[in-house]
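Following: one structure in structure tokens, then a few remarks.
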Amino acid sequence: MLFNILTRPAPLVGASSGALSRRSWPTRSAWSLVINSALLLLLWCVTAAAQDKYAPEHNPEPTVPVNPLLQGHSKWFTPKKIYDLKTDHQPLAQFPARLNYDIYSAVGYDLANTILIKGPKVDAKTGQREIIIVDTLGNPGAVKEALDAFRERGILPKGDPSKGVPPPRLPIKAIIYTHNHIDHTAGVLGYLEVASNPPCKPANPEVAGADDYYNIDAQNPDCVAVIGQYKINDGVSTTATVTGTIINARSGYMYGSFIPLNHVNDGIGMQETNNPPYLPGYRMPSRTFNNQMCLTAAGVQMKLIYVPSETEDELSGFVPDQLNQVGQASAPTNCDAYNGTGLLLSAEVIQGPSFPNLYSLRGTSYRNPAQWFRSVDKLRSYDSWCMVPSHGPPICEAKNIQTLLRNFRDAIQFTHDQTIRWMNKGHTMNELAPLVEGIYLNDGEHDRIMNDLSKVIPIKNDVDPKDYLRPFYGSLVQSVRELYMGSVGWFQADPVDLRPTPPTALAKKYVQLMQGGANVNRVAREAFAKGEFEWAAELTTNVIRAYLDSKIPADQQQFEAAKKIKAQAFFKLAEAEMNPNWRNWYISAARELQGLLPPQAIKAGLVSPVTIAALPAGAWVNSLTMRLRAELTAKQKVEKSIGFWFPATGDQGFGALGYVLQIRSGIAEFIEATPAGQKLAEKDVAAADLSISINKVALDVLLREEMKGEKEFHTALEKAYQEGLIKVLNGSLKDFEQAFFAYFEPKPVGYPHLTIR
């Protein structure tokens, strides 16, 4: 099946069938397994080698002081800990009696948590209590570390290493994704590798599952059910095949992935982990739903609720006490019965100890704040004695939880309502951000929320509950700008913005007006000396843009001087910054200005070939439309169709799949159905001007090689053809290759510059 070739060789795992500011607010196969293992090892070695020059011993990065509030914020995630709610439930006076399940949250093993529920049902095959996993961390390596910790604690059996007895396989009944982000889904193969059963066959991603009762124990006794909200595949696919390349680069800056020194934390976790040679992966859900679903898994009765917030596919879970008692007979099939007191799995609706990331600097689709705070209200409707989020430690005791939820949603609603209010008065995006922030900070709302939050008692004694709405991840000002963009778009109503002077040309005019780069740099140095670091950075940006491609020695000298000034300004801005995303970006940008970034090799991350291989093959074919060399095909007035047929052998359970790309001058139309709406048959694909049939095994290898470069991809294509894994349906392989490589740009294999531009 799908993951055999890609994930069987260890260690890539898989399954058989990724200075204080005012009021605490910031100022800113046929191919052997051996070959596959060798390819993976080579990828790891190349990536590791590319990173050597960024190691501390080769690094002129200064030590950047840390905002004390940010320094203390790391205590939420360190040391790494597995919270056992039976013993870790402060300030809840007593763990509810007679519950028939145990729940654990592993915090600090990746940016997100992984949650393990041991149900009352005992697996006949292993003799162990069956398990539910909620969220899977970001790659199989992180899962391995968490599993080792679970075993060390005695939560899971660990075998007998002294006698060479490995840990037994685990009776995992269900894996639940709370949403599509990499730190919640991309470690799934790590869990499936150690499961006692294979994963259940993926559901058709085009059809949502029913909003009804799902008895996993009865309906899927011999496979692991993978569950997600209906939109999750779209989220994964969009990131992996559409926007992931640029978001990968931006994420590296935001999360401090390229900072050898000076990294503190990432706001909702210590750091997004990277565990070479483990690659992030994915498994499409075997069951989805739209609005709600109640289920039985491992003997546990649970309700899943759709709560769109940080993503459009977010789900939360509620485990009602009255249906999970010792001696419980059977579960009701009516989801309305799943109420009363219980345990709440809040996913990322509550984003951890931070102001919510209503807009993420790495780049995201629009996050509707009104939708978000109403989803928080859904959580408020549940009477929960403990709430287990997907970031940060649990929070327990009903009043405690309700206080946090109320203030968290109030901060979101304030941001939304006041932005809309002042926008309707005619204020533009860049006017709104300081205006709404000023009202929040100076006119009582910030004080009211923070004073209320101070009444919350965290599960840890060394942290500050006010951190739940300090800007350690999101911030009000970035949220206001996103709200404006999401509500009325980029145009701020001054027609000067309709066709503005392009940035480079504008910079040249400014530098000329300011009598040359030397003079601009002089003023920037003066601004730096006065502590006007933002202004110094803005000034030097003009010199960098104006002289970026200049061959004149005097210009090059001022270009280098401007980069140095701007880098130092960014280091100074990072000192005071409370928001680690902002701090990481300042320092990463400074390192780019110093010539240390970006690294040349893309670590798989969001665009991991293992993740793309887990999606229907059409996701990859469709991504080619966004790599069309339109400047060439339009000029040449190209009219050509290219077909891709993926036979059922080794497929994901959907049968054979066919697609055609119809190149029509400057566009490539993606066609997956006949005019009558039927899936394309092999004869339809073969009718294209040029078409090939690609075995799934070959596609998986091609995806790996594509990540390395065009030459490697071309070599893999030829080899697959020689071994019979690729067959020509129409035309010749030579003609196909000529068209493919001429018309479609190679997949980027290096990060773009984000600062020097």
Side-chain angles (χ1 to χ4, degrees), residues 178-181 229-232 234-235 238 268 290-292 304-316 344 346-352 354-361 363-382 387 389-391 401-441 443-446 448-449 452-453 468-469 471 473-492:
T178 61
H179 59 291
N180 70 77
H181 286 164
Q229 201 276 339
Y230 168 55
K231 298 177 183 178
I232 189 170
D234 288 343
T238 297
I268 53 174
N290 259 323
N291 295 308
Q292 71 173 19
L304 301 180
I305 314 109
Y306 179 41
V307 279
S309 44
E310 195 214 22
T311 66
E312 287 295 315
D313 60 338
E314 197 94 26
L315 66 83
S316 290
L344 183 63
S346 57
E348 211 162 332
V349 184
I350 299 299
Q351 214 165 22
S354 172
F355 193 94
N357 217 12
L358 302 180
Y359 168 72
S360 177
L361 300 182
T364 62
S365 56
Y366 180 58
R367 298 172 173 179
N368 187 332
Q371 183 173 260
W372 195 326
F373 72 71
R374 291 183 180 115
S375 285
V376 179
D377 288 340
K378 285 187 182 180
L379 300 190
R380 295 172 71 199
S381 71
Y382 288 92
M387 181 173 75
S390 290
H391 292 277
I401 296 167
Q402 289 295 332
T403 299
L404 171 58
L405 292 175
R406 183 182 67 238
N407 287 285
F408 198 85
R409 58 90 60 215
D410 282 1
I412 300 174
Q413 183 172 356
F414 179 93
T415 304
H416 173 269
D417 292 358
Q418 293 306 307
T419 299
I420 299 298
R421 174 194 173 204
W422 289 94
M423 181 185 74
N424 284 332
K425 291 174 179 284
H427 290 272
T428 62
M429 179 174 67
N430 289 330
E431 293 168 346
L432 281 168
L435 172 62
V436 176
E437 182 189 43
I439 295 171
Y440 179 72
L441 291 176
D443 296 330
E445 186 63 10
H446 174 269
R448 194 265 305 178
I449 284 177
D452 215 13
L453 276 180
Y468 277 105
L469 281 171
Y473 198 49
S475 71
L476 189 144
V477 291
Q478 66 196 61
S479 303
V480 170
R481 293 189 177 100
E482 173 71 352
L483 244 167
Y484 185 93
M485 289 282 290
S487 300
V488 297
W490 60 267
F491 183 50
Q492 298 188 73

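These values consider heavy atoms only, across backbone and side chains, with no hydrogens, waters or symmetry-generated copies. Since we're looking at a predicted model, the values are computed, not measured.
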(message) Going by side chain to side chain donor-acceptor pair (under 3.5 Å), name the residues that satisfy it together with R380, two or more places apart in sequence or in a different chain.
(response) D377
(message) What I want to check is whether the side chains of Q351 and H391 have a donor and an acceptor closer together than 3.5 Å.
(response) no
(message) When you compare the side chain of S475 with that of L358, does any pair of heavy atoms fall below 4.5 Å?
(response) no
(message) I need the minimum non-hydrogen distance between H416 and A370, along with the two atoms involved.
(response) NE2-CB, 3.8 Å
(request) Would you please name every residue forming a side chain to side chain donor-acceptor pair (under 3.5 Å) with N407, sequence neighbours left out? (result) D452
(message) Does any part of the side chain of D410, heavy atoms only, come nearer than 4.5 Å to the side chain of R448, both counted from C-beta?
(response) yes
(request) Would you mind reporting whether N290 and Q229 have side-chain heavy atoms less than 4.5 Å apart? (result) yes
(message) Students often mix this up, so state it plainly: with edges at 30° and 60°, are the rings of F414 and Y440 parallel, tilted or perpendicular?
(response) tilted
(request) Report yes if some heavy atom in the side chain of V480 is under 4.5 Å from a heavy atom in the side chain of Y484; otherwise report no. (result) no
(message) As an exercise, state the distance from CH2 of W372 to OG1 of T311, rounded to the nearest 0.5 Å.
(response) 9.0 Å
(message) Rounded to the nearest 0.5 Å, what separates atom CG in L404 from atom CG in L469?
(response) 7.5 Å
(request) Give the minimum heavy-atom separation between S309 and E314, together with the two atoms involved. (result) OG-CG, 3.6 Å
(message) Could you measure the distance from the NE2 atom of H446 to the CD1 atom of I439? Nearest 0.5 Å is fine.
(response) 15.0 Å
(message) If I take atom CG from residue L453 and atom CZ from residue F408, how far apart are they, to the nearest 0.5 angstrom?
(response) 10.0 Å
(message) Would you say E310 and H181 are linked by a side-chain donor-acceptor pair, where the criterion is simply a distance under 3.5 Å?
(response) yes
(request) Could you grab the distance from atom CD1 of I305 to atom NZ of K378, nearest 0.5 Å is fine? (result) 8.5 Å
(message) Any non-hydrogen side-chain atom of D313 less than 4.5 Å from a side-chain atom of Y230?
(response) no
(message) Please tell me whether E312 and Q371 have a donor and an acceptor in their side chains that are separated by less than 3.5 angstrom.
(response) yes
(request) Taking all non-hydrogen atoms of both residues into account, name the closest pair between S487 and Y366 and its distance. (result) OG-OH, 4.2 Å
(request) Rounded to the nearest 0.5 Å, what's the gap from OG on S479 to CZ on R367? Could you check? (result) 9.5 Å
(message) For T415 versus F355, what's the shortest heavy-atom pair and its separation?
(response) OG1-CZ, 3.6 Å
(request) Would you confirm whether T178, through its side chain, and A347, through its main-chain N or O, come within 3.5 Å as a donor-acceptor pair? (result) no
(request) Kindly give the heavy-atom pair with the smallest separation between V307 and S316, and that separation in Å. (result) CG2-OG, 3.3 Å
(message) For a 4.5 angstrom cut-off between non-hydrogen side-chain atoms, does E445 reach Q418?
(response) no
(message) Suppose we screen for side chain to side chain donor-acceptor pair (under 3.5 Å). Which residues come up paired with S346, at least two apart in sequence or across chains?
(response) none
(request) Could you tell me which non-hydrogen atom of N357 sits nearest to which non-hydrogen atom of G474, and how far apart they are? (result) OD1-CA, 3.2 Å
(request) Let me see the working for N430 and R481 under side-chain contact (heavy atoms from CB on, under 4.5 Å), right down to the final yes or no. (result) CA-CA 7 Å; N430 289 330; R481 293 189 177 100; 3.5 Å; yes
